[in-house]
Amino acid sequence: MKFSPLTIGLKDGRSVLLRHVEVADAPKVMEFVHGFVYDEEYVPLTEGEFNPTLAEEEQVLANYINRSNALFLVAEFDGKLVGNINVDGNQRKILRHTAVFGMGMHKEWQGCGLGTAILNAAIDWAKNNSELEILFLQVYADNKAGLALYRKMGFVEHGRIPDFFKQNGRYHDEISMHLSVR
Ligand SMILES: CC(C)(COP(=O)(O)OP(=O)(O)OC[C@H]1O[C@@H](n2cnc3c(N)ncnc32)[C@H](O)[C@@H]1OP(=O)(O)O)[C@@H](O)C(=O)NCCC(=O)NCCS
């Protein structure tokens, strides 16, 4: 099994199941993304841009399942997805030891320790993965919760691109960070 499911107890007393995504989760993943990303200031996706067919989404999830240096964890509560992390291991030979990741949770699940738990689980997995050596990410420079989380987990800043995100008539700088998982 790629990832053994975990039950995570949150700061507010709720518990969620953290498990690897399955192809059959495609409708749930699509519902999760539609119910989450468009309200988020710090996710670079606008209404209507996430429109895969069910078959396309199934293929995306199958790719995460089948690639040895990739991971897609979902946090589930009451049968619904409330958070996720996707670790996208590079497929080029020279870059196979690197993976970029993205993560997010529904508004009502933010700030209660879920991000910490999900990222911890993904880092542990990456440390035990025989190929991966570097995790990296891009984050909005004004995403305080994201930056706090990544710094807390040991990620180090290695760059900043001014005005990288252009959103609703406003620019935001981008910060790049990485963590060694050798
Ligand atoms: C960023 C995000 C993933 C963090 O996950 P989370 O579950 O909210 O984070 P946690 O509750 O585990 O908190 C992690 C740390 O962030 C900080 N933090 C949490 N909420 C914060 C807030 N509103 N403002 C500032 N710092 C905050 C704290 O330092 C906290 O650590 P602590 O609890 O040990 O003090 C989540 O808020 C989210 O999904 N945001 C929207 C999408 C997004 O920004 N994704 C990241 C794109 S790079």
Side-chain angles (χ1 to χ4, degrees), residues 3 5-21 25 28-50 60 64 70-78 80-90 98-126 132 134-168 170-179 181:
F3 181 86
L6 292 174
T7 300
I8 294 171
L10 302 176
K11 283 181 188 169
D12 58 9
R14 292 180 293 185
S15 293
V16 298
L17 176 70
L18 186 62
R19 61 173 178 81
H20 201 276
V21 81
D25 289 318
K28 281 189 186 181
V29 172
M30 289 161 75
E31 188 190 349
F32 168 72
V33 175
H34 281 130
F36 152 69
V37 295
Y38 305 132
D39 297 337
E40 286 301 335
E41 239 182 312
Y42 302 128
V43 176
L45 198 64
T46 54
E47 190 98 43
E49 281 183 328
F50 178 76
V60 169
Y64 277 97
L71 182 78
F72 193 134
L73 299 183
V74 290
E76 193 169 34
F77 180 80
D78 224 4
K80 282 201 152 193
L81 304 189
V82 299
N84 85 308
I85 187 164
N86 54 300
V87 179
D88 203 355
N90 202 296
T98 73
V100 64
F101 74 91
M103 64 186 296
M105 37 234 83
H106 270 296
K107 276 242 184 300
E108 65 268 31
W109 292 86
Q110 293 175 10
C112 50
L114 183 55
T116 302
I118 292 181
L119 185 51
N120 234 332
I123 291 171
D124 275 355
W125 173 84
L132 287 177
I134 297 170
L135 294 182
F136 66 102
L137 64 96
Q138 292 185 299
V139 60
Y140 284 62
D142 41 357
N143 184 345
K144 289 197 174 74
L147 282 167
L149 170 62
Y150 304 137
R151 287 181 182 135
K152 178 171 91 164
M153 305 306 283
F155 282 82
V156 179
E157 291 179 32
H158 61 259
R160 184 182 189 115
I161 305 179
D163 295 344
F164 188 74
F165 302 104
K166 190 176 176 182
Q167 195 161 330
N168 301 325
R170 224 190 116 199
Y171 291 97
H172 303 255
D173 289 1
E174 174 267 5
I175 291 181
S176 305
M177 305 177 90
H178 70 279
L179 176 76
V181 289

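Given the structure is predicted, the values throughout are model-derived calculations rather than measurements. We count ligands from 1, going down the list as the structure has it; atoms in each ligand are counted the same way. Note that these values count all heavy atoms, side chains included, but never hydrogens, waters or copies made by symmetry.
For atom 26 (N) of ligand 1, the closest heavy atom belonging to the protein is Ala145 CA, 3.7 Å. If you check which protein heavy atom lies closest to atom 42 (C) of ligand 1, you get Val43 CG2, 3.9 Å. Residue, atom and distance of the protein heavy atom nearest to atom 14 (C) of ligand 1 are Thr116 OG1, 3.5 Å. The protein heavy-atom contact nearest to atom 32 (P) of ligand 1 is Lys152 NZ, 3.6 Å. In this structure, the protein non-hydrogen atom closest to atom 7 (O) of ligand 1 is Gly115 N, 2.7 Å. Atom 36 (C) of ligand 1 has its closest protein heavy atom at Gln110 CG, 3.9 Å. For atom 39 (O) of ligand 1, the closest heavy atom belonging to the protein is Met105 N, 2.8 Å. Scanning the protein heavy atoms around atom 48 (S) of ligand 1, the nearest turns out to be Tyr150 OH, 3.2 Å.
Residues Val156 and His178 meet the side-chain proximity criterion, which asks for heavy atoms closer than 4.5 Å. Here the side chains of Tyr150 and Glu157 are not in contact, with every heavy-atom distance at 4.5 Å or above. By the 4.5 Å heavy-atom criterion applied to side chains, Val181 and Ile134 are not counted as neighbours. A 4.5 Å side-chain heavy-atom check between Arg19 and Leu73 finds every atom pair outside the cut-off. Residues Phe136 and Met177 fail the side-chain proximity criterion, which asks for heavy atoms closer than 4.5 Å.
Within ligand 1, counting atoms from 1 as listed, the ones closer than 4.0 Å to a heavy atom of Gly113 are 10 (P), 11 (O), 12 (O). Near Gly111, meaning under 4.0 Å from any of its heavy atoms, are these atoms of ligand 1: 6 (P), 7 (O), 8 (O), 11 (O). Of all the atoms in ligand 1, the ones that sit under 4.0 Å from a non-hydrogen atom of Gly146 are 1 (C). Which parts of ligand 1 touch Ala148 is read off a 4.0 Å heavy-atom cut-off, strictly below it: atoms 16 (O), 17 (C), 29 (O). Atom numbering of ligand 1 starts at 1 in the shown order; those under 4.0 Å from a heavy atom of Gly104 are 39 (O).
Of the heavy atoms in Gln138, only backbone atoms (N, CA, C, O) come closer than 4.0 Å to ligand 1. Only the backbone of Cys112 comes within 4.0 Å of ligand 1, counting heavy atoms alone; no side-chain atom from C-beta on gets that close.
Taking the six-membered ring where the residue is Trp, Tyr64 and Phe72 present perpendicular rings, their angle passing 60° and hence far from 30°. Relative orientation of the Phe32 and Phe36 rings is parallel, given thresholds of 30° and 60° on the angle between their planes.
Here His172 and Phe164 keep their ring centres 6.0 angstrom or further from each other.
For Phe165, the ring pair (Phe, Tyr, Trp, His ring centres under 6.0 Å) partners are Tyr140, not counting sequence neighbours. Looking at residues two or more places apart in sequence or on another chain, you find no salt bridge (Lys or Arg N to Asp or Glu O under 4.0 Å) involving Glu174.
Residue Leu137 places every heavy atom at 4.0 Å or more from ligand 1. Within the structure, the closest approach of Lys11 to ligand 1 falls below 4.0 Å when heavy atoms are considered.
Within 6.0 Å of atom NZ in Lys80, 12 or fewer heavy atoms from other residues, nucleotides or ligands are found, so the atom counts as exposed in its surroundings.
Of the options Ile175, Asn143, Ile118, Val139, the smallest heavy-atom separation from atom 43 (C) of ligand 1 is shown by Asn143.
Protein heavy atoms are absent from the 4.0 Å sphere centred on atom 2 (C) of ligand 1.
The pair Asp78-Arg14 fails the salt-bridge criterion, with no side-chain N (NZ, NE, NH1 or NH2) lying under 4.0 Å from an Asp/Glu carboxylate O.
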